[in-house]
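Reading through the structure tokens given below for one structure.
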Amino acid sequence: MVGINAYEYLTPLKNCVGDADEVEKGLRKVGVKRVTSASDCNYEQLMNKTNEFLSQLREGDVALAYFATHAAMYRNQNVVLTTESTTANMAETSLPMQLLLTRFV
């Protein structure tokens, strides 16, 4: 679960962290035991949490990735923006969804 409200250079969001927290609570309520969460994270923190999440997956697992953040289309890819993202530094500060999806399978 990723929720980012606070951005250094983009318009702040109001409900993303709370939304991610509520999704996490809902998953735990129905018995999901392994949940990886990150709030208001920069690129390095998001990549660390993403790698932590992916390293826990085992064959046959069902996985859910939830992002409540600013997102964009950058170089024909959907990307999730981090707290430090700008239009000038997206290559270095955003998470391409394709990277995540290819590691799911």
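For the numbers below, each heavy atom of this structure counts, side chains included, while hydrogens, waters and symmetry mates do not.
- With contacts defined as side-chain heavy-atom distances shorter than 4.5 Å, the pair Val2/Phe53 does not qualify.
- Between Glu52 and Ser55, the closest heavy-atom pair is O-OG, 2.8 Å.
- Checking side-chain atoms of Glu84 against main-chain N and O of Tyr43 turns up a donor-acceptor pair under 3.5 Å.
- Once rounded to the nearest 0.5 Å, the distance linking CZ of Arg58 with CD of Gln56 reads 7.5 Å.
- Listed here is the closest heavy atom pair of Asp40 and Ala6: OD1-N, 3.0 Å.
- At a threshold of 4.5 Å between non-hydrogen side-chain atoms, the residues Ile4 and Cys16 do not count as touching.
- Distance check, rounded to the nearest 0.5 Å: CD of Glu24 to OG1 of Thr36 gives 9.0 Å.
- For the pair Tyr66 and Leu27, the minimum side-chain heavy-atom distance is 4.5 Å or more.
- In plain terms, the two heavy atoms of Asp61 and Arg34 that are nearest each other are OD2-NH2, 2.9 Å.
- Linking Ile, Leu, Val, Met, Phe, Trp and Tyr residues whenever their side-chain heavy atoms come within less than 4.5 Å leaves Val62 and Val32 in two separate clusters.
- Taking both residues in full, the closest heavy atoms of Met1 and Val35 are given as CG-CG1, 4.0 Å, listed atom of the first, atom of the second, then distance.
- You'll find the side chain of Tyr7 reaches within 4.5 Å of the side chain of Thr69, heavy atoms only.
- Closest approach of Ser37 to Lys49, counting heavy atoms only: O-CE, 3.3 Å.
- No continuous path of ILVMFWY side-chain contacts below 4.5 Å connects Tyr9 to Val80, so the two sit in separate hydrophobic clusters.
- Between the side chain of His70 and the main chain of Thr11, a donor-acceptor pair closer than 3.5 Å is present.
- Side-chain N or O atoms of Thr82 include one that pairs as donor or acceptor with a backbone N or O of Thr93 at under 3.5 Å.
- With Asn42 contributing its side chain and Thr83 its backbone, the two residues share no donor-acceptor pair below 3.5 Å.
- Between atom CG of residue Leu95 and atom CG of residue Asn78 there is a gap of 11.0 Å, rounded to the nearest 0.5 Å.
- Put simply, the side chain of Met47 does not reach to within 4.5 Å of the side chain of Glu44, judged on heavy atoms.
- Asn5 contributes a side-chain N or O that, together with a main-chain N or O of Val17, makes up a donor-acceptor pair within less than 3.5 Å.
- At a threshold of 4.5 Å between non-hydrogen side-chain atoms, the residues Val79 and Met97 do not count as touching.
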